[in-house]
Amino acid sequence: MFDPKKVKKDFPILSRKINGKPLVYLDNASTSQKPKSVINTISNYYENFNSNTHRGIHTMSEEATIAYENTREHVMKFINANLPKEIIFTRNTTEAINLVAYSWGEENIKSGDEIIVSAIEHHSNLVPWQELCRRKNATLKIIPIKKDLTLDLPAYEKMLSKKTKLVSITAMSNVLGYMPDLSKIIKAAHKVGALVLVDAAQSVAHLPTDVKKLDCDFLAFSSHKMLGPTGVGVLYGKYEILSDMNPFMFGGDMVKSVEQHKAYWNDLPWKFEAGTPNIADVIAFDAALTYLEKIGLENIHKHDQKLLKYAVAKFSKYEKHGVSLILPTYKSATFDSSQVSSILSFSIKGIHPHDIATIFNDEGVAIRSGYHCSQPLIEHLNLSSTARMSFYFYNTKADIDRAEIALKKTIKLFK
Amino acid sequence: MDLYSEIILDYFKNPVNKGKIVEPTGTATEDNPTCGDKIRVDLLLDKKGKVLEAKFSGEGCAISQAATSMLTEKLIGKTPAQIKKIDNEMIYKMLNIPISPARVKCALLGLVTAKKAAILCGAPAAKK
């Protein structure tokens, strides 16, 4: 097991001070911080072999191409995919989902078809499907959320029919930290012949991901929430499905040959990577994966769970001061740790989350406040917005103690 | 200088003019979708066309609640034309706290809503 105090030293930003106090970074669900190895990989690329991929004959272009394609193979191993060509680089999770909505969706969704998402989706796994359904006159169905803030799976199973063409679901809610029973959801969808897309933007940084075991058809995530740079997303798709799909964007690099009035598409995965890709950041993503493997995803998960339990124990003491924990399965200071991970959203009666986040920031503690790109969910919870702490392996119990000090100060100031 | 000055906290905890007017001359609601803030401003004009009563309701952070409350006090006696001319600087001076770019919308939400309500004071009333 790693020592979080030691790994903190690998992240230069974590020694920064905010308002004169050492930074406590609890906004990891927005983006994670980057270890020195990732930052160094970016400058090494620009200082030593900056050049375009897949086209140059010269040495540096060859080096850049190899390093870029190495990351693809690394991603394949990291999520246990079958082939490197099942891994497509995009800008972010949102673009990966849009790729499926435009390319697969345009060809396969017809009037009267149904797409299912859940009530806890991030806007990036909701709006592309709203739009696809509008374009195709299809119906978007929503798996409801129960009072204990978990999904109503019996209701989901009743929704499934031959009309269902796609189920698109998060592996971990960015507001609730809730992890739905994916294997059950995927099996049920496949029974009626529907495909399943998993939004793994949150989960992939915190738990081992195995696309073979999951048997999902697509999986989307971003590098920046798992120690890598911003501007790199991944779409995994099963080979047979991706090969049947048309390109999403057209131009250079995605073509095999071009005539004046017609073009022939490149092979997978490049037919989906039009234009010069984000070479430096893809290459640095490789270093992020190496770092995560060194720490171990199982260890990260164990550490996350310990911190979440500690935070729940601390923050639940303030319920008498109007603090509410927005945590699935939560009941009198306990919760089912097999269903939630790494995120604790909360509200304080009569205090706006922006004011909470401002006082936390005064104390050097970075948290998120607002809708968290999940407006329908927050409104369903009957809140105008929430405050959210999200943990990662470099956080310690001492960080949560600092958050508790900020919480006390907030209550004292506004009540 | 502190964002949560005593005056701001006082207006937040004990807001002046919080509530609704039963038959306002003009009313408007605005929201700030990134924060989830929602504010309604009601204006009642007297026979000379000046604000007799101004009230606000809705939810928001301490900054938007205090700013709107303080603003409603300043609206009394003004004509809708004068309200439309109030500039953002006046709000910053009134608040007298450092407003960071992230909190500009909070500070100005009340003014934006009040201006909209002022415009609607001139609109013909709906038939009952």
Side-chain angles (χ1 to χ4, degrees), chain A residues 18-21 27 30 122-123 126-127 174-175 321-322 324 326 345-388 406-415, chain B residues 1-20 29-41 56-71 91-92 95-113:
Chain A
I18 300 287
N19 295 317
K21 290 170 183 145
D27 194 18
S30 291
H122 188 281
H123 293 163
L126 172 63
V127 183
N174 67 308
V175 177
H321 298 288
S324 300
I326 303 155
S345 285
F346 65 98
S347 63
I348 312 175
K349 200 169 189 294
I351 307 179
H352 193 279
H354 277 200
D355 294 322
I356 301 172
T358 303
I359 301 301
F360 273 58
N361 187 59
D362 283 349
E363 289 298 306
V365 183
I367 61 166
R368 174 83 190 262
S369 59
Y371 281 136
H372 320 293
C373 297
S374 302
Q375 196 176 344
L377 170 63
I378 302 291
E379 284 173 355
H380 176 86
L381 298 173
N382 260 328
L383 293 164
S384 57
S385 65
T386 73
R388 177 187 74 185
L407 180 71
K408 271 195 245 175
K409 193 180 161 191
T410 310
I411 293 167
K412 199 178 156 207
L413 190 66
F414 290 103
K415 293 258 166 163
Chain B
M1 209 167 28
D2 200 1
L3 183 62
Y4 299 109
S5 66
E6 256 177 62
I7 297 171
I8 298 290
L9 285 174
D10 191 36
Y11 271 94
F12 173 65
K13 290 176 190 172
N14 309 297
V16 177
N17 293 330
K18 184 131 191 188
K20 286 177 182 166
T29 303
E30 276 289 312
D31 56 4
N32 187 352
T34 52
C35 318
D37 287 4
K38 202 173 205 173
I39 281 184
R40 171 176 152 170
V41 171
F56 80 101
S57 49
E59 282 173 34
C61 67
I63 307 301
S64 72
Q65 291 282 300
T68 310
S69 179
M70 289 162 98
L71 174 67
I91 300 290
Y92 298 138
L95 291 172
N96 194 29
I97 49 169
I99 298 294
S100 68
R103 301 306 283 263
V104 165
K105 276 189 176 170
C106 313
L108 299 179
L109 183 62
L111 180 61
V112 172
T113 317

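As the structure is a computational prediction, the values presented were derived from the model and not from experiment. The figures here come from the full heavy-atom set of this structure, side chains too, leaving out hydrogens, waters and symmetry mates. So you know, we letter chains A, B, ... as the sequences are listed, proteins then strands, and number each from 1.
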Legend entry - Heavy-atom closest pair, residues His354(A) and Tyr4(B): O-OH, 4.2 Å
Legend entry - Nearest atoms (heavy-atom pairs only) where Phe12(B) meets Gly350(A): CZ-O, 3.3 Å
Is the [atom1] atom of [X] crowded by more than 12 outside heavy atoms at less than 6.0 Å?
X         : atom1 : answer
Lys18(B)  : NZ    : yes
Lys21(A)  : NZ    : yes
Lys20(B)  : NZ    : no
Gln375(A) : CD    : yes

Inset, instruction - Below 4.5 Å from any heavy atom of chain B, which atoms of Ile378(A) appear? Answer side chain, backbone, both or neither. - result: neither
Legend entry - Flag side-chain contact, heavy atom, 4.5 Å: Asp37(B) against His352(A): yes
Legend entry - Distance in Å, Asp355(A) CG paired with Ile8(B) CD1, rounded so as to fall on 0.5 Å steps: 10.5 Å
Legend entry - Criterion side-chain contact (heavy atoms from CB on, under 4.5 Å) on Thr358(A) and Arg103(B), from CA distance to verdict: CA-CA 10 Å; Thr358(A) 303; Arg103(B) 301 306 283 263; 2.4 Å; yes
